[in-house]
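Naming: A, B, ... by sequence-line order, numbering from 1 per chain. The figures that follow rest on heavy atoms only: side chains count, while hydrogens, waters and symmetry mates do not.
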There are 2 protein chains.
Amino acid sequence: MSYQSESLIAQAREAREALGVSQRVLGERAGLTQSHISQIESGKMEPGLSSFIDMTRALDLELMLVPKKLVPGVLGLVKAQATPDMHIHAAQSNDKRFARAERMIKKMKHLYGSSADLDRIEETVRFLRRVNLGDQEMRLVRELIARLERSQASEQAAAVVRDIAQNLRRLRNSITHRVSPEPRPAYSLDDGDDDA
Amino acid sequence: MSYQSESLIAQAREAREALGVSQRVLGERAGLTQSHISQIESGKMEPGLSSFIDMTRALDLELMLVPKKLVPGVLGLVKAQATPDMHIHAAQSNDKRFARAERMIKKMKHLYGSSADLDRIEETVRFLRRVNLGDQEMRLVRELIARLERSQASEQAAAVVRDIAQNLRRLRNSITHRVSPEPRPAYSLDDGDDDA
DNA sequence: ACTTGCGATATATAATTCTGTATCAAGGAT
DNA sequence: ATCCTTGATACAGAATTATATATCGCAAGT
C-alpha cells in the first residue's frame, strides 16, 4: 500500500473498531468479503475507489474532496463532533490495539531475533499503553504500529523498525514532558503482561 | 462506473477544468497517463484509491473521511472558500461544457435517431446555458450531462435518457420560478448555435 | 476443555486496472 | 488551410484487484 491511502484506510479501521463492528459484519453491510476487508485494512491490497466508498459508507462516513488549505478546518469540525461514547469504544479498541501490537512485537522478536530497536519499541509501547493519549497522539501510535506490521514483508525492515523506534521514543518524551504519566483505570491494568 | 464514485470524479474533473489544467499536464503532475485520466474522468474505468488520490492531490485537493452528518457543514466550509477567479474559470469551462453537451446530443440524435426526450434535453440544455446557474444547480447539470454521456453504452439508455430529461426539466422549472432568465454577458452569447 | 467469533492468510480464478504508445476528431489560433 | 492542443479511444500486456471459499491461531466466554 502506498502512503497516499494509508491514512484514510487507518481512519476507516479506527472507525470500524470504534463502532464495535467486525470485519464480517462490515462486509455484509458493504457488500464486500471479510478477507477483502482484512487485506485492505492491513495494507496488503490497494482498494478500488468504489470498494473503499462502499466500506466507509457502511460506517456512516463519506469521502469528500476538500481544498488542501481547508483540511485543518475540516479536521477541527470533525474533531469537535466526536461523541463521548465513541471515545469509550475507541479507548477499548485502543487497548486491544496495544495488546495486539505487543503480541506482534513478541512474534517479530521470536521470528527475526531480538534487536535493540525491537526491544525499545516493545518497552515504549508498553509505556504508552498505560498513558492517556490524546487523539492526535493515538493516531500517530496507530500509524506507527501499522507501519511496523507492514514492515515485516518489507526489504528495508531494519530501517523502518529504526524509524518507528525513534518516532515512538520522541512521542514518549513529549508526553513525559507534558504531564507525569497517570495510570489507566484499574479495569484495564489487568490486560496483558505489565509486570515490568 | 458506479454511482458511489461518480460525484467525486465529477468534482475532480471540475477542479481540473476550473484550474485550466489539461489531462496531459495533470498526468505529469500526478504520475498517471493522459489516457488513464481520460478513462477515469469519463467513467470508463474505476480508479484505484491511490490513483485517485494522486490525481486529486495534484489539484491541491485532499480526500477526507467525514462523518455523514457533518457533510453539509463541510460543504458549507468548502463553498465559502471558493475564490472569484475560480468562478470565472469555472464559468468558462461551464460554457465549454454546455457546448460539448449540445454537440453530444446532436451526435446522439444522429446516431440513434431523434426522440421526444432527446429533443427536450437539447432544448433544456440550450436554455440552461444562457441562465446564470448557482453552484448546486451547475453541479446537478454536470452530473446529468455526464450520465447522459455514459448512457450511450448502457442497456437502459432509453430509461436513463428519460430520467435525465425529467431532471433537467425540473431544474428548469425551479429556475423559471426563482427568477426570470437573464442573458449571459455578451462575450459568451457568440458561442455555439443559439439561433433557435 | 470446548465453543464461538475474530482478523489474517491461502488458493484459484475471473475481472479489472494501469502503463505505454498511438491515433483520431474537434476546436482554437495563426 | 495549416498547425497545435485537447479529450477520447484503441490495443497489448503486465500487474493487481475482487470474489468465493476455506483454514488457521488467537482470544474470550462458558
Side-chain angles (χ1 to χ4, degrees), chain A residues 1-2 5 9 12-14 16-17 20-28 30-55 92-93 95-104 106-107 110-111 145-146 149-150 152-153 190-193, chain B residues 1-2 5 9 12-14 16-17 20-28 30-55 92-93 95-104 106-107 110-111 145-146 149-150 152-153 190-193:
Chain A
M1 169 164 68
S2 62
S5 54
I9 289 169
R13 180 174 198 152
E14 287 163 31
R16 179 181 65 76
E17 291 177 345
V21 168
S22 72
Q23 288 177 348
R24 282 173 174 80
V25 168
L26 175 59
E28 283 167 21
L32 303 171
T33 59
Q34 178 266 323
S35 64
H36 193 182
I37 291 175
S38 178
Q39 286 196 283
I40 292 171
E41 286 190 352
S42 60
K44 301 295 198 300
M45 173 192 290
E46 277 290 336
L49 178 59
S50 283
S51 297
F52 191 65
I53 289 171
D54 287 340
M55 251 181 85
Q92 192 178 10
S93 64
D95 194 67
K96 284 180 176 174
R97 179 72 59 95
F98 275 116
R100 197 176 62 199
E102 290 195 47
R103 288 197 299 272
M104 181 183 68
K106 276 180 171 32
K107 180 182 160 191
H110 179 259
L111 285 172
I145 291 172
E149 186 165 8
R150 289 192 299 274
Q152 297 184 71
D190 295 331
D191 300 324
D193 339 355
Chain B
M1 170 166 67
S2 63
S5 53
I9 289 169
R13 180 175 198 151
E14 284 162 32
R16 178 181 66 76
E17 292 177 344
V21 168
S22 71
Q23 289 177 349
R24 281 173 177 79
V25 168
L26 176 59
E28 283 167 21
L32 302 170
T33 59
Q34 178 266 323
S35 63
H36 192 183
I37 290 174
S38 178
Q39 288 197 280
I40 293 171
E41 286 189 352
S42 59
K44 301 297 198 301
M45 173 192 290
E46 277 290 335
L49 179 59
S50 282
S51 297
F52 191 65
I53 289 171
D54 287 340
M55 251 182 84
Q92 193 177 10
S93 62
D95 193 67
K96 283 179 176 173
R97 181 72 59 95
F98 275 115
R100 198 173 63 198
E102 291 195 47
R103 289 197 298 272
M104 182 182 66
K106 275 183 174 26
K107 180 182 161 191
H110 179 258
L111 286 172
I145 290 174
E149 186 165 8
R150 289 194 297 276
Q152 297 184 71
D190 296 331
D191 300 323
D193 338 358

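The distance from atom CD1 of B/Ile53 to atom P of C/dT17 is 17 Å, rounded to the nearest whole Å. Between the CD atom of A/Glu46 and the C1' atom of C/dT16 there is a distance of 15 Å, rounded to whole Å. Here the C1' atom of nucleotide C/dC6 and the CG atom of A/Leu26 are 14 Å apart, to the nearest Å. The CD atom of B/Glu17 sits 8 Å away from the P atom of D/dG7 (whole-angstrom rounding). Between the P atom of C/dG5 and the CZ atom of A/Arg16 lies a distance of 16 Å, rounded to the nearest Å. To the nearest angstrom, C1' of D/dT17 lies 9 Å from CD1 of A/Ile40. Per the geometry, CG belonging to B/Asp54 stands 12 Å off C1' belonging to C/dC18, to the nearest Å. Between the C1' atom of C/dG7 and the CE atom of A/Met45 lies a distance of 15 Å, rounded to the nearest Å.
Distance from the side chain of A/Ser38 is smallest to C/dT9 among D/dT17, D/dG7, C/dT9. With D/dT19, C/dT9, C/dT17 as the candidates, the nucleotide lying closest to the side chain of A/His36 is D/dT19. Residue A/Gln39 has its side chain nearest to C/dT9 when only D/dT17, C/dC18, C/dT9 are considered. Among the nucleotides D/dT17, C/dT19, D/dT6, the one closest to the side chain of B/Ser22 is D/dT6. Of the candidates C/dA8, D/dA10, D/dA20, D/dA20 carries the atom nearest the A/Thr33 side chain, counting heavy atoms from C-beta on. When the nucleotides C/dA22, C/dA8, C/dT17 are ranked by their closest atom to the side chain of B/Gln34, C/dA22 comes out on top.
Between the side chain of B/Ser35 and the base of C/dT21, a donor-acceptor pair under 3.5 Å is found. Taking only distance into account, the side chain of B/Arg24 meets the base of D/dG7 through a donor-acceptor pair shorter than 3.5 Å.
Between A/Met45 and A/His36, some side-chain heavy-atom pair lies under the 4.5 Å cut-off. For the pair B/Arg16 and B/Met55, the minimum side-chain heavy-atom distance is 4.5 Å or more.
No side-chain donor-acceptor contact under 3.5 Å links B/Arg24 to the backbone of B/Gln34.
At a threshold of 4.0 angstrom between heavy atoms, the contacts of B/Leu32 are confined to the sugar-phosphate backbone, with no base atom among them.
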Verdict with reasoning, A/Glu17 to A/Arg13, per salt bridge (charged side-chain N to carboxylate O under 4.0 Å, His left out): CA-CA 6 Å; A/Glu17 291 177 345; A/Arg13 180 174 198 152; 3.4 Å; yes

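Dashed line: the shortest gap from a side-chain N or O of A/Lys44 to OP1 or OP2 of C/dA8 is not under 4.0 Å.
Considering every non-hydrogen atom in both B/Ile37 and B/Gln23, the closest pair reads CD1-O, 3.6 Å.
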